[in-house]
Protein chains: 2
Amino acid sequence: METKAKRILIADDEPDILEIISYNLGKEGYEVYTAKDGNEALERAKQLNPDLIILDIMMPYKTGIEVCRILRTQPIFEQTLIIFLTALNDESSHIKGFETGADDYVTKPISPKILISRVNALFRRIQKEDGKILKIGNIVIDPIKYTVVVNENEAILAKKEFELLFLLASKPGRVFLRNEILSQVWGTSVIVGDRTIDVHIRKIRQKLGIDCITTVKGVGYKFDI
Amino acid sequence: METKAKRILIADDEPDILEIISYNLGKEGYEVYTAKDGNEALERAKQLNPDLIILDIMMPYKTGIEVCRILRTQPIFEQTLIIFLTALNDESSHIKGFETGADDYVTKPISPKILISRVNALFRRIQKEDGKILKIGNIVIDPIKYTVVVNENEAILAKKEFELLFLLASKPGRVFLRNEILSQVWGTSVIVGDRTIDVHIRKIRQKLGIDCITTVKGVGYKFDI
DNA sequence: TTGTGGACTTAACAATTACATAATGTTAAA
DNA sequence: TTTAACATTATGTAATTGTTAAGTCCACAA
């Protein structure tokens with residue numbers, strides 16, 4: 001199964017470090033973006049919705065830890081991977097780092113090789129525990145908590161609505177035939193009319209507020225950003 | 001193109017169900033094996049490396065979901081198809097099912113007919129999913145997403161238009177007679193006039209923006225770059 | 001029990017779209 | 001030039017989907 005390039009945001013106030021890391025991660029096939037201080041990091045994170053954020057701890061305006069704490073209060077970033085860059089023997093900061101919800105930390109001076117292997121490891125780990133939370137664009141679907149978050153706002157879906165959305169979003173872009181939808185969401189022994197699907201689709205569109213479900217006339221529906 | 005018999009493993013603690021399903025799938029030409037609980041399912045899966053595993057959710061020792069989760073951690077079973085059998089209104093289980101990586105689920109009580117059609121559909125889908133995306137020159141036709149991309153731009157085709165284009169593009173260069181087109185796209189029981197094809201061809205040409213369908217006067221049409 | 005509210009389904013109608021065909025224009029071979 | 005074959009355009013209709021409101025069912029509380 002092919003996945004599209006992971007997006008990484010790096011925040012550090014030293015241009016040299018930004019460049020070295022960018023270059024190396026870029027070479028690995030990641031899509032890399034940068035920020036030069038805490039405020040810019042927050043801003044760009046909201047724009048880009050990256051899969052991983054690498055934060056230097058010592059940065060102007062806001063430290064990495066502050067940035068992390070702010071991000072973690074928002075549902076879209078709940079799942080986002082965060083790695084801290086810390087000075088070698090700043091013991092206290094890496095403890096604080098884990099407390100605020102970091103996924104890993106790397107000590108300076110940075111070896112590109114090590115950083116890359118840590119980043120790869122992190123993504124591999126996530127892929128394994130995957131299947132839990134779907135994250136497509138700025139939509140987060142959590143089947144455990146039964147919640148859908150769109151642009152920071154939580155939409156409250158009823159059960160059938162949620163299951164339908166979850167099905168479509170589980171394979172973005174793929175068209176689901178009406179039959180498939182019926183058998184997957186309603187089961188084979190339940191018979192409901194065709195309008196029922198439409199009505200649920202409408203409610204989902206209405207509640208999410210954005211247009212992410214496309215009708216393919218005569219065929220079915222698909223989830224698309 | 002002939003393929004060898006697909007291997008199916010069925011795990012359920014009710015012997016009657018095992019027998020009914022085995023009998024019916026066997027009749028369809030599948031190679032069928034059985035297991036009567038979760039542990040046996042795991043064991044036999046490793047021995048047999050089946051193409052499809054049908055798991056009852058409620059089983060002694062290990063539930064179907066547990067079996068699935070264990071299998072999915074192993075690379076050999078990453079691609080194996082898995083279908084769950086669930087009680088009709090066990091709400092939570094089918095979402096959990098998809099989470100752990102099921103490909104489909106069927107509700108009990110089981111109708112052999114329905115199960116067979118789902119199994120067949122799954123194998124067909126798999127066959128489709130890899131390699132059915134047509135790429136000719138700078139045109140990409142994806143029958144799963146129902147999209148046509150020409151030079152990075154997506155063209156939106158209606159159902160008949162899409163089916164017609166897909167037919168022609170499936171064998172680039174080959175001329176399709178009008179009769180062939182009619183029977184493949186419209187079916188044998190529907191009768192439409194000859195002009196109908198022309199009109200659809202025109203719309204496709206218009207929507208794609210490029211000239212990729214060649215008229216062979218007195219014969220038919222062909223797809224060409 | 002009765003009442004209330006939400007989830008789900010359905011019916012009825014509106015809106016949209018796909019489709020087939022008719023009518024007419026264009027092309028190319030004879 | 002004639003003519004058969006195809007292209008083009010316009011249009012009515014049938015099929016499909018969108019929308020709204022109302023009804024049913026069920027859970028839960030008073």
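This structure is a prediction, so every number in the text was calculated from the model and none was measured.
Atom CD in B/Glu154 sits 9.0 Å away from atom NZ in B/Lys145 (nearest 0.5 Å).
Between the side chains of A/Lys135 and A/Thr80, at least one donor-acceptor pair of N or O atoms lies under 3.5 Å. Side chains of B/Asn120 and B/Tyr30: a donor on one and an acceptor on the other come within 3.5 Å.
Legend: residues meeting side-chain hydrogen bond (donor to acceptor under 3.5 Å, both in side chains) with B/Lys222, ordered by chain and number and at least two apart, are B/Asp224.
Nucleic acid contact for B/Phe162: none, since no nucleic acid atom lies under 4.0 Å from a heavy atom of the residue. Within the nucleic acid shown, A/Thr215 comes within 4.0 Å of sugar-phosphate atoms alone, with no base atom in reach, counting heavy atoms only.
Nucleotides of DNA chain D that come within less than 4.0 Å of any heavy atom of chain A span, from the 5' end to the 3' end, D/dT16 to D/dT20.
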Report the C-alpha separation of A/Glu31 and A/Lys6 in whole Å, then their side-chain angles, then the decisive distance to 0.1 Å, and conclude whether the salt bridge (charged side-chain N to carboxylate O under 4.0 Å, His left out) test is met.
CA-CA 6 Å; A/Glu31 221 174 291; A/Lys6 300 285 187 186; over 6 Å; no
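Here C/dC19 presents its P atom at 11 Å from CG of B/Leu164, a figure rounded to the nearest Å. In this entry the distance linking CG of B/Leu182 with P of C/dT21 reads 10 Å, nearest Å. Computed from coordinates, the B/Ile191 CD1 to C/dT21 P distance equals 10 Å when rounded to whole Å. When the C1' atom of C/dC8 is taken as reference, atom CD1 of A/Ile204 falls 13 Å away, rounded to whole Å. As rounded to whole Å, 12 Å separates atom C1' of C/dA20 from atom NZ of B/Lys203. Per the geometry, CG belonging to B/Asp198 stands 13 Å off C1' belonging to C/dT27, to the nearest Å. Following rounding to the nearest Å, B/Arg202 (CZ) and C/dT24 (C1') show an atom-to-atom distance of 14 Å.
Remark: the backbone N or O of B/Asn49 is not paired with any side-chain donor or acceptor of B/Arg7 at under 3.5 angstrom. Side chain of B/Glu19 to main chain of B/Asp16: no donor-acceptor pair is present (N/O by atom type, distance under 3.5 Å, no hydrogens or angles).
In this pair, B/His200 and B/Trp186 present their aromatic rings perpendicular. The plane angle is above 60°, beyond the 30 to 60° band.
Within the structure, a side-chain polar atom (N or O) of A/His200 is placed less than 4.0 Å from OP1 or OP2 of C/dT9. Phosphate proximity of C/dC19 to B/Trp186: absent, as no side-chain N or O sits under 4.0 Å from OP1 or OP2.
Geometrically, A/Arg174 engages A/Phe176 in a cation-pi contact, judged by NZ or CZ lying under 6.0 Å from the ring centre and within 45° of the ring axis.
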Whether each nucleotide of nucleotides 11-18 of chain C has a protein heavy atom under 4.0 Å at its base (B), only at its sugar-phosphate (S) or at neither (-) is summarised, 5' to 3', as -B---BBS
